[in-house]
There are 6 protein chains.
Amino acid sequence: MKTVVVTRVERAEPSAIERLAGLGVSTTHEAMGRIGLMQPYMRPIYPGAAIAGSAITVLAQPGDNWMLHVAVEQCRPGDVLVVAVTAPSTDGYFGDLLATSLKARGVQGLIIDAGVRDVRTLTEMGFPVWSKAISAKGTVKATLGAVNVPVVCAGALVHAGDVIVADDDGVVVVPRADAARIAELGAKREANETEKRQRLASGELGLDMYAMREGLAKAGLRYVETLDEA
Amino acid sequence: MKTVVVTRVERAEPSAIERLAGLGVSTTHEAMGRIGLMQPYMRPIYPGAAIAGSAITVLAQPGDNWMLHVAVEQCRPGDVLVVAVTAPSTDGYFGDLLATSLKARGVQGLIIDAGVRDVRTLTEMGFPVWSKAISAKGTVKATLGAVNVPVVCAGALVHAGDVIVADDDGVVVVPRADAARIAELGAKREANETEKRQRLASGELGLDMYAMREGLAKAGLRYVETLDEA
Amino acid sequence: MKTVVVTRVERAEPSAIERLAGLGVSTTHEAMGRIGLMQPYMRPIYPGAAIAGSAITVLAQPGDNWMLHVAVEQCRPGDVLVVAVTAPSTDGYFGDLLATSLKARGVQGLIIDAGVRDVRTLTEMGFPVWSKAISAKGTVKATLGAVNVPVVCAGALVHAGDVIVADDDGVVVVPRADAARIAELGAKREANETEKRQRLASGELGLDMYAMREGLAKAGLRYVETLDEA
Amino acid sequence: MKTVVVTRVERAEPSAIERLAGLGVSTTHEAMGRIGLMQPYMRPIYPGAAIAGSAITVLAQPGDNWMLHVAVEQCRPGDVLVVAVTAPSTDGYFGDLLATSLKARGVQGLIIDAGVRDVRTLTEMGFPVWSKAISAKGTVKATLGAVNVPVVCAGALVHAGDVIVADDDGVVVVPRADAARIAELGAKREANETEKRQRLASGELGLDMYAMREGLAKAGLRYVETLDEA
Amino acid sequence: MKTVVVTRVERAEPSAIERLAGLGVSTTHEAMGRIGLMQPYMRPIYPGAAIAGSAITVLAQPGDNWMLHVAVEQCRPGDVLVVAVTAPSTDGYFGDLLATSLKARGVQGLIIDAGVRDVRTLTEMGFPVWSKAISAKGTVKATLGAVNVPVVCAGALVHAGDVIVADDDGVVVVPRADAARIAELGAKREANETEKRQRLASGELGLDMYAMREGLAKAGLRYVETLDEA
Amino acid sequence: MKTVVVTRVERAEPSAIERLAGLGVSTTHEAMGRIGLMQPYMRPIYPGAAIAGSAITVLAQPGDNWMLHVAVEQCRPGDVLVVAVTAPSTDGYFGDLLATSLKARGVQGLIIDAGVRDVRTLTEMGFPVWSKAISAKGTVKATLGAVNVPVVCAGALVHAGDVIVADDDGVVVVPRADAARIAELGAKREANETEKRQRLASGELGLDMYAMREGLAKAGLRYVETLDEA
């Protein structure tokens with residue numbers, strides 16, 4: 001591993017990030033063509049949080065949060081800190097002191113493929129975290145990792161500057177260069193869904209609205225009154 | 001697999017279903033003789049929901065929610081949709097559009113041995129879901145499954161028309177033909193528990209109330225002041 | 001296994017227990033030198049509960065809660081019931097009746113390396129539980145275990161009379177004899193943290209506050225503008 | 001639960017069972033239309049075992065193997081013992097004594113959704129077991145379950161007399177009434193595969209042999225030299 | 001944590017250790033009254049190994065094997081190294097170099113609640129390891145732990161000098177002071193089992209040999225020809 | 001997702017690949033600076049296999065192996081097929097027919113972050129597979145994925161043409177451009193280890209060979225005869 005801090009991070013257009021925040025994770029993920037989603041074990045520490053921001057990435061060693069302290073300095077308002085680890089861990093790499101520091105810099109939240117602690121205080125502060133675990137186990141500051149190198153976090157590749165969208169459905173990564181295009185695609189999907197939602201709410205069946213009946217019949221679906229007829 | 005939709009579903013008496021709803025999962029499961037419980041990994045997406053209704057069953061293929069759209073048409077007011085999968089999956093088979101459609105038909109909730117998405121919207125809609133996972137990962141509509149065939153969902157056998165009881169303690173399945181009898185047994189248990197609760201609240205020990213002391217002594221339990229005496 | 005109930009339990013000073021309650025799990029665990037923490041799969045059934053009390057320990061057999069009834073009698077106001085099992089289990093060993101009984105005796109909460117049920121009622125009662133699972137599966141009363149013997153619960157050794165501290169970050173065990181010393185160490189940590197929190201909130205970097213820059217450079221950390229320079 | 005032993009078990013034709021044994025799990029599962037497979041956590045205690053036989057089913061209580069002793073008497077030569085549990089367990093319900101007894105009755109192997117022990121001796125005896133876990137933890141004989149009632153074992157529904165096929169790929173359940181038909185379907189698949197195997201071994205591509213190219217193109221697959229063209 | 005190495009370790013009588021090795025894990029665990037077993041996720045890296053020896057204990061930090069090097073010096077011929085970790089980890093703390101060193105000192109094997117690597121070489125060397133994982137992920141040497149302090153390893157309490165028995169069924173811990181007594185109890189069980197095995201092999205049913213029929217009937221077990229009668 | 005097949009794959013020098021094969025996973029991973037390792041749940045279907053080759057990558061949809069058939073045509077002698085999935089799956093995407101086809105093209109093995117079947121036949125063929133699961137569950141051919149795009153497989157980023165090294169310790173990914181350099185670094189490590197191994201085998205302690213005693217003392221390690229002194 002190159003034990004470096006990359007200091008120049010290009011970020012996506014603020015307007016694209018803002019639109020992705022409005023779309024949320026599931027719509028963004030659809031617009032991405034269903035790639036870029038972190039594993040579903042990544043859960044928010046409290047319900048209702050929804051953020052989007054530019055990734056500042058950290059690659060941390062087992063039970064060692066030294067690099068998180070280094071990464072704070074690289075964060076700008078609106079960023080999201082993304083922590084990957086070199087080996088599976090549930091340790092509590094992050095607590096209320098680091099959150100205080102990040103909040104002072106305008107960071108929106110933390111994504112960590114490991115554990116977090118002080119979750120009650122973080123909840124009271126309104127500092128959202130998506131993590132693999134909650135654990136009081138603290139960490140040491142002994143071994144170097146890296147900041148703003150590409151990392152794999154919970155199964156998703158993240159480059160510094162990629163847009164992170166996170167809400168109750170999970171966490172998705174949008175490559176920086178695609179942010180505007182994905183935001184646009186997602187907006188179209190959503191416009192489309194509003195009308196669908198109204199039709200479904202009024203009792204129209206998806207079978208009819210999506211014109212599925214013919215395809216189902218062609219694929220061989222049969223309707224029977226009882227299993228004995230099947 | 002027979003790729004069929006069984007259209008005739010016999011349901012339990014509404015009064016029995018209503019009584020089971022009142023009993024909740026733990027009492028119903030006890031009344032069942034401790035069978036019929038789904039695996040404990042099935043968790044509600046928000047706390048406090050408690051439902052009972054007749055099962056409309058779906059057997060779905062990996063990452064494919066085509067059959068859920070088919071199943072909607074088979075649902076009646078008060079039903080509960082139960083989705084089993086042919087192989088372990090955490091994909092988000094179900095979101096707010098399907099929930100809107102089910103709600104329009106009076107369906108009470110969803111039980112799915114896979115993932116669900118749009119959980120914030122579902123929570124706001126008050127549409128409860130018990131699932132194995134939460135995941136933004138959408139699904140395709142390419143391969144047939146079946147509707148209203150017997151399925152194994154999270155370790156429990158479910159026939160269409162069986163009564164599903166779900167609350168914060170999990171999900172239990174009551175065979176249709178047993179619903180009235182189980183509701184009655186459960187009501188007796190509960191009446192019995194109210195008195196016990198009062199006695200325990202007043203300080204009486206379970207050891208005395210359940211007359212356990214003799215049995216414990218006979219089984220060989222010894223009271224010692226310190227481990228050294230043991 | 002010695003199938004005994006040890007009746008004499010020495011407890012820590014109430015003042016030490018009270019101070020540990022105030023410190024919470026993460027600070028207490030740090031003060032302990034980062035030992036004594038239960039596995040992170042132990043989660044509270046509702047957020048926000050925070051307790052500390054003397055452990056009454058139970059070693060229970062698979063799917064059998066007989067010993068929990070025995071243990072109730074050994075509890076005093078302020079105690080915490082700690083249940084270990086002889087083999088991995090998710091069964092619901094504990095529900096609202098046992099909680100009513102424990103509450104009548106002034107017990108503060110339950111720590112159980114297995115399942116719990118009636119969680120909605122327990123939440124309404126304000127009786128907190130930290131458990132490995134939630135499950136409606138009831139248990140029998142057929143095989144003896146032990147009460148107040150040393151147990152391993154969720155990976156941590158617990159002697160009767162040890163202080164249990166539990167909150168949203170997990171559960172930590174403080175040996176009885178160390179309680180006062182750990183409470184003092186923890187209080188010092190906390191005093192120290194208040195000042196740190198203020199400095200970080202005002203925008204000072206941890207890198208500077210903890211004087212990390214020299215150590216990082218000595219360990220070989222390099223700052224580069226882009227990865228190509230690395 | 002009905003605490004009964006059902007003594008009359010209808011079994012499939014021996015010739016059908018024999019043919020299913022020859023097909024193995026994967027081919028049988030395909031012939032079934034991809035249903036009836038137990039969860040993939042069911043693993044053999046040693047590689048290379050491959051059996052098929054009629055199920056004698058047991059529903060056992062947590063940490064209690066009383067019903068296994070009862071079930072032995074119901075077994076005939078060629079049968080396979082299938083043990084389901086009323087709650088998740090890894091306990092060692094079965095060891096070399098029970099295996100000796102089953103072997104004396106001509107039973108071919110054990111399928112258990114829990115743990116097994118004495119695995120070295122079982123391996124030396126050539127008595128195959130497919131289980132969820134290996135554990136030395138013994139069990140008690142205190143609570144009734146049932147024998148030859150329908151059970152859900154590792155996610156699959158099993159009736160007494162169903163045909164169990166088990167090998168290194170897992171365990172599949174064939175309903176008794178379907179055994180002959182599935183054996184025939186499977187034999188056709190296999191005949192078909194022999195020719196395919198030869199063509200593929202000679203270097204023919206599946207793309208051509210299965211005539212996939214047109215379908216892939218129609219679905220939108222594009223061939224590009226580099227990602228930049230994509 | 002006290003960062004110490006305890007140098008004086010009392011060991012059990014070699015004859016008791018030898019007898020426990022002969023009994024194996026399952027019989028020893030039974031003789032212990034079914035306590036002291038490590039979690040079933042502890043698996044041998046190759047089948048067939050069976051050892052017993054005195055524990056030299058290590059408490060190691062996340063991703064840090066410094067203390068293992070320290071512990072080597074404390075080992076004597078016949079010992080077993082037992083490594084616990086302060087937080088869940090799958091890292092490869094141990095490989096062929098450490099094994100070479102331990103083998104040179106006559107150590108019989110390793111028990112580690114984390115990962116191990118170089119497993120092919122370890123297998124060729126005939127140096128057995130029971131571990132939670134296999135992982136090539138190496139570790140650092142940066143943070144102190146402890147040697148020969150009491151540890152909880154995979155759910156079992158281990159004091160230095162306790163007897164570790166490990167084979168294909170798992171790992172069990174026998175307190176040093178109990179070793180001779182447990183060896184004797186186990187030998188009696190085994191003598192008893194030899195006769196039972198012969199009777200079962202000759203076709204006698206456990207139902208009769210253990211005289212279970214009366215107890216089963218009293219508990220309410222009923223024999224029926226078909227479920228309809230139940 | 002771009003549903004494309006990238007046909008031009010640059011591969012590393014054969015000599016570098018060969019040397020990496022000789023080093024094995026653990027040494028290669030160390031030479032990489034401890035990055036690039038797949039998650040430890042990736043296990044070989046039989047022990048003893050050890051390969052290195054150029055990655056042909058597949059991104060497959062849930063329960064759909066269409067793209068594997070497409071990928072076969074892109075493989076050359078010495079390559080390794082690497083299959084990632086868009087959502088967690090244990091399905092058996094790969095069996096003996098695909099293995100026959102790959103073997104005919106000289107492919108060395110398969111790495112798949114999902115399930116595999118026909119494992120007995122694959123073992124007899126000597127076609128090694130590292131997978132997350134073994135499952136007889138077959139897959140459909142209905143939805144496009146991609147071939148030779150960058151994928152995240154079991155937590156590691158893989159580009160087509162990267163060198164995959166796999167053995168009993170797991171699977172590591174070496175970026176194509178780094179292959180020669182890493183092979184050289186690894187060879188130095190290994191030369192170094194041979195001498196160390198001999199010294200350790202002769203009884204020299206790692207404490208002395210690595211000159212650790214001073215560092216340990218400086219870090220505060222204390223040697224005590226008994227815990228009471230600590």
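Proteins come first, then strands; the chains are lettered A, B, ... in the order of their sequence lines, and each starts at number 1. Everything numeric in this text was worked out from a predicted model, so none of it was measured.
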| Would you call Val224(A) and Val5(B) a side-chain contact if the rule is heavy atoms closer than 4.5 Å? | no
| Does some side-chain heavy atom of Val72(B) sit less than 4.5 Å from a side-chain heavy atom of Leu207(A)? | no
| query | Under the 3.5 angstrom rule, does the side chain of Ser101(B) hit a backbone N or O of Leu200(A) as a donor-acceptor pair? | reply | no
| How far apart are the closest heavy atoms of Pro150(B) and Leu227(A), and which atoms are they? | CD-CD1, 3.5 Å
| Which atoms of Tyr41(A) come close to chain B, meaning under 4.5 Å heavy atom to heavy atom: side chain ones, backbone ones, both, or neither? | neither
| message | Under a 4.0 Å threshold between the charged nitrogen and the carboxylate oxygen, would Arg197(A) count as salt-bridged to Asp96(B)? | response | yes
| query | What's the spacing between Lys141(B) NZ and Leu216(A) CG if we round to 0.5 Å? | reply | 10.5 Å
| said: Take a 6.0 Å sphere around CD of Glu124(A) and say whether it holds more than 12 heavy atoms from other residues, nucleotides or ligands. | reply: yes
| said: I need the Leu97(B) CG to Met209(A) CE distance, nearest 0.5 Å. | reply: 6.5 Å
| Part of Leu144(B) within contact of chain A (heavy atom distance under 4.5 Å) | side chain
| field | Check: Pro40(A) and Asp91(B) side chains under 4.5 Å, non-hydrogen atoms | value | no
| Among Thr90(B), Thr123(B), Val70(B), who wins on heavy-atom pairs under 4.5 Å with chain A? | Val70(B)
| Among Lys196(A), Arg199(A), Met42(A), Arg43(A), which residue forms the greatest number of heavy-atom pairs with chain B at distances under 4.5 Å? | Arg43(A)
| Is there a donor-acceptor pair under 3.5 Å between the side chain of Arg34(A) and the backbone N or O of Thr139(B)? | yes
| field | Portion of Leu37(A) that has a non-hydrogen atom of chain B nearer than 4.5 angstrom | value | side chain
| task | Name the region of Glu204(A), side chain, backbone, both or neither, that has any atom closer than 4.5 Å to a heavy atom of chain B. | result | backbone
| field | Atom pair OG1 (Thr7(B)) and CD (Glu225(A)), whose distance is rounded to the nearest 0.5 Å | value | 5.0 Å
| What part of Arg120(B) lies closer than 4.5 angstrom to a heavy atom of chain A: side chain, backbone, both or neither? | both
| field | Spatial distance of atom CG (Asn148(B)) from atom OH (Tyr223(A)) [nearest 0.5 Å] | value | 11.0 Å
| message | I'd like to verify something: which residue of Pro47(A), Gly220(A), Ala50(A) has the highest number of heavy-atom pairs under 4.5 Å with chain B? | response | Gly220(A)
| said: Counting heavy-atom pairs closer than 4.5 Å to chain A, which one of Leu102(B), Ile134(B), Thr100(B), Val9(B) comes out on top? | reply: Ile134(B)
| field | Reported NZ-to-CG distance for the pair Lys137(B) and Asp169(A), which is rounded to 0.5 angstrom | value | 14.0 Å
| Which portion of Glu10(B) sits near chain A, non-hydrogen atoms under 4.5 angstrom | neither
| Is it true that Arg213(A) and Glu73(B) make a salt bridge, defined as a side-chain N closer than 4.0 Å to a carboxylate O? | yes
| Closest contact, heavy atoms only, Gly138(B) versus Glu30(A) | CA-OE2, 3.4 Å
| field | Separation of Asp168(A) CG from Tyr46(B) OH (nearest 0.5 Å) | value | 13.5 Å
| Is there a side-chain contact (heavy atoms from CB on, under 4.5 Å) between His69(B) and Leu205(A) once you walk through the steps? | CA-CA 8 Å; His69(B) 292 275; Leu205(A) 286 171; over 6 Å; no
| message | The test is salt bridge (Lys or Arg N to Asp or Glu O under 4.0 Å); show your working for Glu229(A) and Lys2(B) and say whether it passes. | response | CA-CA 11 Å; Glu229(A) 299 169 32; Lys2(B) 285 165 184 159; over 6 Å; no
| Shortest non-hydrogen contact between Ser26(A) and Ala136(B), atoms and distance | OG-CB, 3.4 Å
| query | Non-hydrogen atoms of chain B under 4.5 Å away: do they reach the side chain of Glu193(A), the backbone, both or neither? | reply | both
